[in-house]
Amino acid sequence: QDAPVVGILGANYAIESARAQYEALAAGLKEQGIEFRFLDAQLDINRQVSQIDQFVNEGVDAIVVNVAGDPNAVLGPLNRAEEAGVMVFSIGATPGFEATLVQADLPSEELGRLSGEYICAETGGTGQIAMIEAIDIPVLAARWDSFTTAIEANCPALDIVARERAIPDDAATARPIAENLLTRFPEIKAIWTMGDGPALGAALAVKSAGRDVIVTGLNGEEQGAQGVQQGVVDATWDMLPVQIGYQLSQKIAAILKGEAEAPSETEVFTVTDLPIWSAETIADWKAYDDRIDYPGIQ
Amino acid sequence: MTDTSLPATPTGPRLAERLRRHIGVGAALVILIAYLSLTQDNFLRYSNIMNILRTNSVLFVVSTGLTFVIVSRGLDLSVGSMTALGGVLLAALLNAGIPAWPAIGLTVMLCTLLGGLINGGLIAYGGFNFFVVTLAMLQLLRGAALVMSNGIPESTFGWPAVQWIGDGQIAGFPVPVLIAILTGLIGYAVMRWTKFGRSVYAVGGNETAAGLAGIDVRRVRFAVYAIAALCAGIAAVMLTGRLTSSQPVSGAAGLELSAAAAVLLGGASFAGGAGTVAGTAIGVLFLAVLANGITLAGVPSYWQGIATGLVLIAAIALDRLRKT
Amino acid sequence: MTDTSLPATPTGPRLAERLRRHIGVGAALVILIAYLSLTQDNFLRYSNIMNILRTNSVLFVVSTGLTFVIVSRGLDLSVGSMTALGGVLLAALLNAGIPAWPAIGLTVMLCTLLGGLINGGLIAYGGFNFFVVTLAMLQLLRGAALVMSNGIPESTFGWPAVQWIGDGQIAGFPVPVLIAILTGLIGYAVMRWTKFGRSVYAVGGNETAAGLAGIDVRRVRFAVYAIAALCAGIAAVMLTGRLTSSQPVSGAAGLELSAAAAVLLGGASFAGGAGTVAGTAIGVLFLAVLANGITLAGVPSYWQGIATGLVLIAAIALDRLRKT
Amino acid sequence: MTAALFTARGIRRTFGPTVALADAEITLYPGEVHAIMGENGSGKSTLLSILSGALEPDEGQLTYKGQGLSRLTSASARDQGIAVVQQEPQLSPDLTVAENILLGRLPTRLGRIDWPRVYARAGEVLAELDLDLDPLSKVSTLSIGRRQMVEIAKGIADAPNVLLLDEATSSLDEADTNRLFALVDRLKARGTAIAFVSHRMSEVTERADRATVLRDGHYIGTTRIDETDEHSLVAMMVGRDLKSYWHKVPVEPGEDLLTLTGVSRNTLSDLNMRLRSGEIIGLAGLVGSGRSALLRTIAGVRPASTGEVRLNGTPVQITSPGQARRLGIGYVPEDRKAEGLVMGWSLLQNASLSKLGQSGPFAMITRAFDRAAYTHGAEGLGIKTHTPEQAVSELSGGNQQKVVIARELATGPRLLLLDEPTRGVDVGAKEDIYAQISTLVQGGMGLIIASSELQELMGVCDRILVLFQGRIVAEIPAAEATEQSLAYWASGAHEIADTAPQPEQI
Ligand SMILES: Nc1ncnc2c1ncn2[C@@H]1O[C@H](COP(=O)(O)OP(=O)(O)OP(=O)(O)O)[C@@H](O)[C@H]1O
Ligand SMILES: Nc1ncnc2c1ncn2[C@@H]1O[C@H](COP(=O)(O)OP(=O)(O)OP(=O)(O)O)[C@@H](O)[C@H]1O
Ligand SMILES: [Mg+2]
Ligand SMILES: [Mg+2]
């Protein structure tokens with residue numbers, strides 16, 4: 001019998017942390033002697049819909065989907081996949097689709113909580129802070145929701161004076177937003193950002209304005225690490241994408257090989273103990289692609 | 001010297017002319033299809049072909065509307081945002097308790113009105129520059145979609161009619177593809193056989209001449225933007241059905257450029273006065289088959305931009321070669 | 001009636017003409033500034049003004065290049081992707097061990113070559129449609145940026161020269177703003193006072209007449225695309241310095257449309273033959289002040305698209321009013 | 001005479017500061033051919049635009065079939081049977097001839113355009129014009145002369161009661177002009193009122209019944225043609241007497257300026273000619289005979305593929321218009337709007353356009369540069385404008401033509417090529433141009449003039465070369481040329497004569 005084939009459906013390979021998940025997933029499958037194919041939606045949900053259909057057409061044994069937008073959109077093709085007997089795994093949730101076997105979640109809540117506790121401590125729990133969020137989609141919203149929850153719980157005296165959105169969530173967009181925040185709020189003590197790109201942009205704005213404002217990022221990506229190394233970003237938390245992808249690959253392999261039983265309802269797991277990258281720890285930081293041997297899925 | 005009788009084969013020159021016009025991209029399409037058929041086992045499968053058509057029916061419907069605009073010597077950059085807003089409107093109407101079919105009708109009508117009144121009104125009756133107006137609308141409509149939905153996709157899963165339009169089947173044939181074909185046929189017929197259609201060519205070819213010939217140039221300009229918006233409205237319903245939800249943020253982003261590329265590949269030009277819906281169909285098919293072929297062949301997604309760019313240039317190069 | 005003597009006040013009509021051309025958006029800009037000064041305490045602060053200028057110097061440099069293209073009756077949709085690719089190139093050159101200044105020079109040269117040879121070559125000497133070529137290049141160059149960088153932003157922090165260009169100061173004045181001003185002045189002078197500049201207007205105004213009068217139309221067309229790419233290359237260095245890293249994925253995305261909007265707001269038109277760098281400066285300032293005002297006023301970000309769209313329309317409406 | 005069909009009284013129309021018409025009037029009777037005359041910019045086109053509903057008058061009344069017309073539009077004018085043929089053909093280039101002819105009134109059946117009827121009807125209209133043109137060909141493939149014929153076909157498509165022709169013959173050759181006037185005769189017999197504008201005096205005196213003259217937007221008068229003569233008409237138009245119209249002065253030819261030996265390219269074959277400084281050569285021929293092609297070759301637009309071109313005795317390869325300018329060759333193309341002027345530019349800027357091509361790559365282009373070019377080039381041409389800062393698009397056709405000539409003179413050429421230099425130019429302006437030509441040859445310049453007006457060639461030139469199918473078939477001293485001899489060679493009649501004795505070769 002042929003080796004089983006897994007179809008991996010990426011949301012956007014060009015995003016560093018996403019790529020780390022897919023590559024780690026593929027690396028793990030390869031280790032287990034399982035074949036894989038990869039298709040990238042490049043954030044176009046319409047394309048992802050047809051890619052799911054395409055994998056089903058090709059007769060893969062399982063698919064792993066990282067939804068490239070609104071999960072509702074892929075319900076139709078996922079149901080078609082299930083009907084065709086294809087096992088469905090996912091990175092991130094696919095609400096509305098019940099038949100996912102294993103779902104690897106991003107540690108968004110912990111990222112929000114850790115960064116909240118950090119800002120609480122560093123600001124002394126009083127004063128003004130601002131947030132740079134991104135587009136309001138559930139996978140990302142968990143970050144700022146759990147951040148504000150953490151602030152309310154730990155230091156209610158901290159005043160969140162502004163919540164802006166960087167769309168797209170990159171350094172170039174975030175920098176002028178941060179510049180305006182600094183102009184509007186001369187007393188501001190910290191800027192929380194939802195990712196490392198915006199963090200770098202905001203931090204450079206702070207530096208250029210000659211102000212003393214705490215800036216944090218999330219994800220532990222290249223740009224966040226650069227910011228910390230440059231001494232402009234105060235901290236960022238790793239989201240361990242390589243572990244997410246690798247752990248998922250092992251669970252998939254076990255099921256495909258019959259070593260483990262397919263769970264009767266969706267098994268959800270996520271990673272914990274996210275390391276902080278700040279001036280003290282940054283020497284230990286490793287780029288995602290140095291953490292595991294990327295098979296180079298595309 | 002005084003032979004004014006009609007030529008024996010009246011379609012002769014027209015056929016040749018038509019071939020000349022489409023053969024460039026048409027030939028590229030044929031070559032592409034032949035190449036993919038030989039190299040990709042899955043390419044010619046019924047399911048793959050339907051997958052191609054289904055995925056691109058939205059693009060085709062939008063491109064059909066845009067054909068009118070480009071032939072009239074205009075451009076509508078707002079069709080992508082209009083499609084996104086249409087989806088948000090539809091979801092909002094449905095969730096406000098309006099039944100599916102009236103909500104669909106209302107969505108399409110609202111889009112048509114919006115595009116007609118603002119784009120068409122300002123450009124035709126206000127004499128505004130079409131690029132600036134529709135660029136402004138690109139931003140404005142996307143903003144409106146975001147504000148209305150707060151950026152959150154709303155599910156339309158509970159309304160089978162919407163799903164049927166976007167992803168249903170009639171006798172094993174996808175409904176969105178049928179809608180696209182129907183739209184294309186109507187568009188073709190209107191451009192070819194109605195006074196209005198010919199007026200669009202006349203206005204695009206020489207506005208002064210059209211005005212002097214008694215054509216109401218402003219009404220024609222108004223109408224083409226309304227038609228583009230109408231098609232965007234239909235596309236919005238199809239896309240929402242296909243994705244079972246509205247997509248305020250990324251829905252149909254960049255659609256205006258793909259549609260414009262398809263129309264231009266199909267033989268229209270910004271100089272106005274030329275182009276047909278049939279040509280646009282070839283243009284859309286070309287882009288569609290290209291994208292499908294690239295994924296089938298497993299070209300890394302990074303390379304897809306490069307490949308698309310190269311093939312686009314190759315397609316118009318072929319077109320140039322044919323013409324000289 | 002046979003008066004061929006020169007008028008007594010030669011600058012009279014030209015001044016009026018110039019006012020007429022710019023006053024629309026110029027007036028809108030003045031109104032906007034007045035409004036913001038009154039309602040936003042922070043608006044007129046030196047730091048805020050420098051923020052505005054610094055943030056938009058990249059846009060202005062790109063728009064200056066695009067002014068040449070649009071005046072020549074063309075369009076370059078690839079300038080955003082070129083800017084992104086330029087950043088990736090620069091980072092790659094630096095990390096390959098080439099010292100900062102040579103790497104910067106090389107980056108700008110490579111961009112100019114690429115844009116000149118492909119865009120300019122195909123459009124000017126190949127006779128290809130500019131929209132399709134530069135749309136293809138939009139995809140192709142972005143793809144190249146992704147392939148070269150594997151999507152990873154590379155730090156250029158170790159090279160102070162790059163940071164200095166993007167974010168440095170000379171006597172308290174931001175270097176990127178100085179570069180933008182210098183680029184603008186050179187662009188203005190070239191368009192206004194050189195044979196080449198005048199040729200660009202002639203080619204845009206009436207290509208056939210220009211050719212028969214002895215202007216090398218193809219060389220002019222070639223040059224304008226090279227200039228647009230040159231400016232994109234300079235902008236790439238500035239942007240990379242400003243962000244201390246290359247931004248292959250989203251860097252400068254959509255920049256082409258903002259730049260085109262700025263140029264058109266500044267009085268140029270797609271009919272070619274009209275437009276100045278001074279007008280473009282007003283157009284960029286208008287967009288810049290608008291964006292700043294919107295954030296300063298704390299308008300929720302989702303509303304920004306709507307506000308930008310509305311104000312764009314208002315600006316050209318004012319322009320129309322003035323002209324009639 | 002019967003009752004007036006169409007009258008206009010007290011018509012006033014302004015464009016900003018320009019008063020195009022001050023108090024114009026005209027009365028048209030059924031079955032008459034009425035010439036409208038006047039210098040360039042006197043308001044003829046404006047008057048026709050008002051009569052055809054394309055422009056609204058500021059003041060004045062229109063009466064049609066005894067009824068006052070208010071708010072006439074292009075569409076309503078056509079519905080009432082008033083048709084106009086524009087001075088500049090207004091066609092949609094990508095549409096077919098048939099569709100252009102029936103634009104705005106395509107016949108439909110059951111809401112569908114009835115294409116067979118479109119082609120049939122267009123065929124009929126073309127037949128009425130006696131025109132051999134495929135109704136299915138695209139307008140973009142037609143020459144300017146053919147386009148003008150299509151424009152005329154458009155005008156007669158609805159069998160109008162009133163036909164207004166604005167310089168309909170200016171880009172037509174003899175044959176097409178004859179077709180047009182044959183049609184005019186037939187329409188006249190049917191009781192159609194025809195008004196036409198022409199700068200060709202012979203057409204007016206031979207074809208018109210009456211003439212109305214405008215000067216600077218004022219109505220000067222209407223006369224019966226059989227009660228007047230050319231001189232008094234011209235006097236009415238220009239308000240002065242034109243004495244020596246052609247300004248021909250004998251000039252002693254100097255050195256060889258230009259010689260062509262065996263020059264061929266594309267449709268041109270084996271051309272030989274010799275032009276000395278101080279000499280004027282005329283090119284005669286039918287449409288498509290290669291007059292323009294020959295000038296374009298010398299001007300470097302389409303370089304010769306074989307043969308030798310010598311300038312001042314030295315062999316040269318003229319490969320671009322820019323190079324031609326640097327060699328001292330000036331070129332005035334035949335279509336001033338499409339090929340000559342940048343319409344949005346001022347007179348000043350247009351005046352320096354060719355000098356631009358002539359100057360080095362680092363030349364500074366300042367206002368002084370433009371001004372010098374204009375002052376130098378426009379001298380003696382008598383361009384009518386209130387300021388050279390004005391956009392050329394606002395000038396009348398004749399003045400636009402003078403600007404193109406001024407532009408070339410600004411480069412200080414030794415050899416000047418003029419393609420149809422007086423097309424659509426009024427008598428007064430023509431005289432200005434002829435006077436200028438005369439001054440130029442006296443200064444030692446050599447000129448080659450291609451023209452469809454044989455009178456002009458005979459009046460202005462020293463020698464006339466006749467082209468037929470891309471070959472020079474005759475060279476005739478202007479003094480010995482007659483319209484008949486030129487027409488004989490131009491029409492290819494000699495070929496028939498040559499081949500007649502050898503029928504066995506066929
Ligand atoms: N659209 C316009 N804007 C400004 N001025 C105009 C316009 N149309 C005509 N004019 C002016 O009105 C006057 C009359 O122009 P018109 O075209 O009627 O002259 P014409 O007698 O037909 O001349 P020609 O013999 O050169 O065709 C001219 O001075 C011209 O410059
Ligand atoms: N761009 C072109 N493409 C193909 N054939 C052309 C082109 N231009 C001119 N010709 C052909 O070359 C020949 C010479 O044309 P040319 O324009 O020189 O004639 P002409 O005597 O000046 O006539 P006209 O009075 O129409 O200007 C004609 O047969 C014409 O059809
Ligand atoms: Mg006229
Ligand atoms: Mg000619």
- Answer yes or no: is there an ion pair linking C/Arg45 with A/Glu179, defined by an N-O contact shorter than 4.0 Å?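 No.
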- Taking 4.0 angstrom as the limit, do A/Arg184 and C/Asp41 come out as a salt bridge?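 No, this pair does not count.
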- Do C/Asn292 and A/Asn180 have a side chain donor and acceptor closer than 3.5 Å?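 Yes, side-chain donor-acceptor contact under 3.5 Å.
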- Query: For C/Thr244 and A/Gln226, does a side-chain donor sit closer than 3.5 Å to a side-chain acceptor?
  - Reply: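 A/Gln226 and C/Thr244 do not have a side-chain donor-acceptor pair below 3.5 Å.
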- Task: Any pair with a residue in residues 77-97 of chain C that passes ring pair (Phe, Tyr, Trp, His ring centres under 6.0 Å), sequence neighbours left out, goes on the list, sorted by first then second residue, please.
- Result: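 Checked against ring pair (Phe, Tyr, Trp, His ring centres under 6.0 Å) - neighbours excluded - no pair reaches residues 77-97 of chain C.
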- Taking all non-hydrogen atoms of both residues, which atom of A/Ala14 and which atom of C/Leu146 are closest, and how far apart?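 Heavy atoms only, the tightest pair is CB-CD2, 3.9 Å.
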- Message: Between C/Arg54 and chain A, with a heavy-atom cut-off of 4.5 Å, which part of the residue counts as in contact: side chain, backbone, both or neither?
- Response: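 The side chain, not the backbone.
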- Do other residues, nucleotides or ligands put more than 12 heavy atoms under 6.0 Å from C/Phe173 CZ?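 Atom CZ in C/Phe173 is crowded, with more than 12 foreign heavy atoms closer than 6.0 Å.
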- Taking atom CG of A/Asp212 as the centre, does the number of heavy atoms from other residues, nucleotides or ligands within less than 6.0 Å exceed 12?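 No, CG of A/Asp212 has 12 or fewer neighbouring heavy atoms, counting only those of other groups under 6.0 Å.
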- Item | Choice from C/Thr55, C/Leu243, C/Ile52 maximising heavy atom contacts with chain A below 4.5 Å |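 Option with the top pair count is C/Leu243.
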- Query: When you measure from the side chain of C/Arg242 to the backbone N and O of A/Arg175, does any donor-acceptor pair fall under 3.5 Å?
  - Reply: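 No, the answer is negative, given that no donor and acceptor are paired below the 3.5 Å cut-off.
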- Message: With a strict 4.5 Å heavy-atom criterion, list every residue of residues 150-161 of chain C that contacts chain A, or say none.
- Response: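 Interface residues of residues 150-161 of chain C: C/Asn150, C/Gly151, C/Ile152, C/Pro153, C/Glu154, C/Ser155, C/Phe157.
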- Can you tell me how far the OG1 atom of A/Thr183 sits from the CG atom of C/Asn51, to the nearest 0.5 Å?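 Between A/Thr183 OG1 and C/Asn51 CG, I get 4.5 Å after rounding to 0.5 Å.
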- Message: Under a 4.5 Å cutoff for heavy-atom pairs, which residue among A/Arg19, A/Glu164, A/Glu222 has the most contacts with chain C?
- Response: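 Sorted descending by pairs with chain C, the first entry is A/Arg19.
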- Message: Please classify the contact between A/Tyr288 and chain C as side chain, backbone, both or neither, with a heavy-atom cut-off of under 4.5 Å.
- Response: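 Contact with chain C: none, neither part.
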- For A/Asp289, is it the side chain, the backbone, both, or neither that has a heavy atom closer than 4.5 Å to a heavy atom of chain C?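 Interface part for A/Asp289: side chain.
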